[in-house]
Amino acid sequence: MNKSRIISPSLLSADFSRLEKDIRDVEQAGATRLHLDVMDGHFVPNITFGPFIVKAIRKLTNCILDCHLMILNPDKYIEAFIDAGANTVILHIEAHEDLTTEFTKIRKLGCSAGISLNPDTPIKAVEPYLDLIDHVLVMSVHPGFGGQKFIKSALQKIEYLAENRKNRNFVISVDGGVNIETIADVFQSGTDIAVVGSGLFSADNRSQQYRDLRNA
Ligand code: DX5
Ligand code: ZN
């Protein structure tokens with residue numbers, strides 16, 4: 001069980017015209033994992049990037065790369081993201097009828113498997129998968145965009161997961177609306193990894209903001 005309270009920068013809010021500098025800044029402040037938001041314009045209204053960019057980011061950093069796939073038919077792309085350098089492939093429970101085969105495949109290919117659920121999806125929906133995954137990503141905003149307000153009902157989901165983890169090894173992470181104001185509650189409720197996008201990259205000094213978030 002991981003209780004180390006990690007802050008994972010979400011590159012969605014980074015400045016892609018100077019991505020290497022943004023990555024370096026958060027690494028210098030202590031970041032050990034990065035969160036990559038893959039959006040297809042179908043599962044969510046926004047479009048971001050695919051394996052091609054993940055591969056480029058892989059060249060820039062040794063951080064753990066958590067690839068959060070907000071896409072339909074994720075089964076088609078698992079290998080491509082792992083080949084590109086993903087360390088965790090996170091699939092949405094809402095994107096596919098049954099993810100058992102996909103999680104088994106991800107792990108077989110040497111990668112960590114993650115499951116994510118939207119704010120409107122009850123936490124019980126992930127229950128059947130908890131022995132098949134390494135990572136649960138609780139969405140605290142409706143996926144698609146950075147800079148939204150934290151949805152507080154995510155805290156109860158995190159508490160439920162933390163209380164019912166038993167001897168299973170998955171980490172609990174939360175994604176969306178985490179910032180200086182909300183981060184203390186997020187960790188208090190049992191989160192291992194807080195994903196922070198705009199709450200980090202909206203600051204001019206990313207290293208300082210990372211440290212401020214850690215101290216908050
Ligand atoms: C939203 C993404 C998040 C996003 C969070 O769909 O999954 O990872 O980057 O951004 P903030 O921290 O700004 O809410
Ligand atoms: Zn995300």
Side-chain angles (χ1 to χ4, degrees), residues 5-16 19 22-23 25-26 29 31 33-51 53-54 57 63-72 74 77 81 84 86-95 112-121 126 133-155 157-158 171-187 189 191-204 206 209-210 212-214 216:
R5 299 188 169 187
I6 290 164
I7 296 172
S8 177
S10 170
L11 296 187
L12 183 65
S13 295
D15 182 345
F16 271 67
L19 189 57
D22 275 2
I23 291 176
D25 284 353
V26 294
R33 56 199 306 155
L34 298 172
H35 183 90
L36 308 186
D37 285 310
V38 176
M39 305 187 189
D40 67 350
H42 295 282
F43 181 71
V44 287
N46 200 4
I47 299 177
T48 56
F49 51 79
I53 296 293
V54 173
I57 294 169
C63 280
I64 295 167
L65 298 181
D66 297 318
C67 284
H68 176 195
L69 304 194
M70 287 160 275
I71 62 175
L72 292 181
Y77 301 97
F81 282 101
N87 299 102
T88 313
V89 175
I90 302 169
L91 309 179
H92 264 267
I93 191 163
E94 302 85 3
S112 295
I115 189 164
S116 184
L117 74 162
N118 285 340
D120 295 339
T121 302
V126 303
I133 49 94
D134 311 285
H135 194 121
V136 182
L137 181 73
V138 175
M139 291 308 298
S140 40
V141 296
H142 294 282
F145 300 93
Q148 303 180 72
K149 196 170 177 297
F150 186 82
I151 297 172
K152 282 204 171 146
S153 56
L155 297 176
K157 292 181 180 176
I158 296 158
V171 292
I172 304 168
S173 60
V174 64
D175 185 11
V178 182
N179 54 35
I180 293 275
E181 277 83 47
T182 54
I183 197 163
D185 286 346
V186 164
F187 281 128
S189 61
T191 297
D192 303 305
I193 302 169
V195 175
V196 188
S198 56
L200 171 59
F201 291 104
S202 60
D204 287 336
R206 276 84 152 122
Q209 186 70 4
Y210 187 95
D212 289 349
L213 281 159
R214 210 172 33 204

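Numbering of ligands and ligand atoms starts at 1, following listing order. Only this structure's heavy atoms are used, side chains among them; waters, hydrogens and symmetry mates stay out. Bear in mind that the values here come from a model prediction, so they are computed numbers and not experimental data. Residue numbers start at 1 and run along the sequence shown.
Ser10 and Asp37 share a donor-acceptor pair across their side chains, judged by distance under 3.5 Å alone. In the model, Thr182 has a side-chain atom that pairs as donor or acceptor with a side-chain atom of Asn179 under 3.5 Å.
With sequence neighbours left out, the ring pair (Phe, Tyr, Trp, His ring centres under 6.0 Å) criterion links Phe43 to His92. In this structure, the ring pair (Phe, Tyr, Trp, His ring centres under 6.0 Å) partners of His35, at least two apart in sequence or on a different chain, are His68.
Listing protein N, O or S atoms at distances below 2.8 Å from the Zn ion (ligand 2), with waters left out, gives His35 NE2, Asp37 OD1, His68 ND1, Asp175 OD2.
Between the Asp175 side chain and the Met139 main chain, no donor and acceptor come within less than 3.5 Å of each other. Side chain of Gln209 to backbone of Gly199: a donor-acceptor contact under 3.5 angstrom is found. Side-chain atoms of Ser116 never come within 3.5 Å of backbone atoms of Ile93 as a donor-acceptor pair (strictly under, hydrogens ignored). Under a 3.5 Å cut-off, the side chain of Lys157 and the backbone N or O of Thr121 do form a donor-acceptor pair. Glu94 places a side-chain N or O within donor-acceptor distance of the main-chain N or O of Asn118, the cut-off being under 3.5 Å.
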Under 3.5 Å: N or O atoms of ligand 1 paired with protein N or O:
from     : atom 1 : to     : atom 2 : distance (Å)
ligand 1 : 6 (O)  : Gly144 : N      : 2.7
ligand 1 : 7 (O)  : Asp37  : OD1    : 2.9
ligand 1 : 7 (O)  : His68  : ND1    : 3.3
ligand 1 : 7 (O)  : Asp175 : OD2    : 2.8
ligand 1 : 8 (O)  : Ser10  : OG     : 3.4
ligand 1 : 8 (O)  : His35  : NE2    : 3.3
ligand 1 : 8 (O)  : Asp37  : OD1    : 3.1
ligand 1 : 8 (O)  : Asp37  : OD2    : 2.7
ligand 1 : 8 (O)  : Asp175 : OD1    : 2.6
ligand 1 : 8 (O)  : Asp175 : OD2    : 3.0
ligand 1 : 9 (O)  : Ser10  : OG     : 2.6
ligand 1 : 9 (O)  : Asp37  : OD2    : 3.0
ligand 1 : 12 (O) : Gly197 : N      : 2.8
ligand 1 : 13 (O) : Gly147 : N      : 2.7
ligand 1 : 13 (O) : Ser198 : N      : 2.9
ligand 1 : 13 (O) : Ser198 : OG     : 2.5
ligand 1 : 14 (O) : Gly177 : N      : 2.8

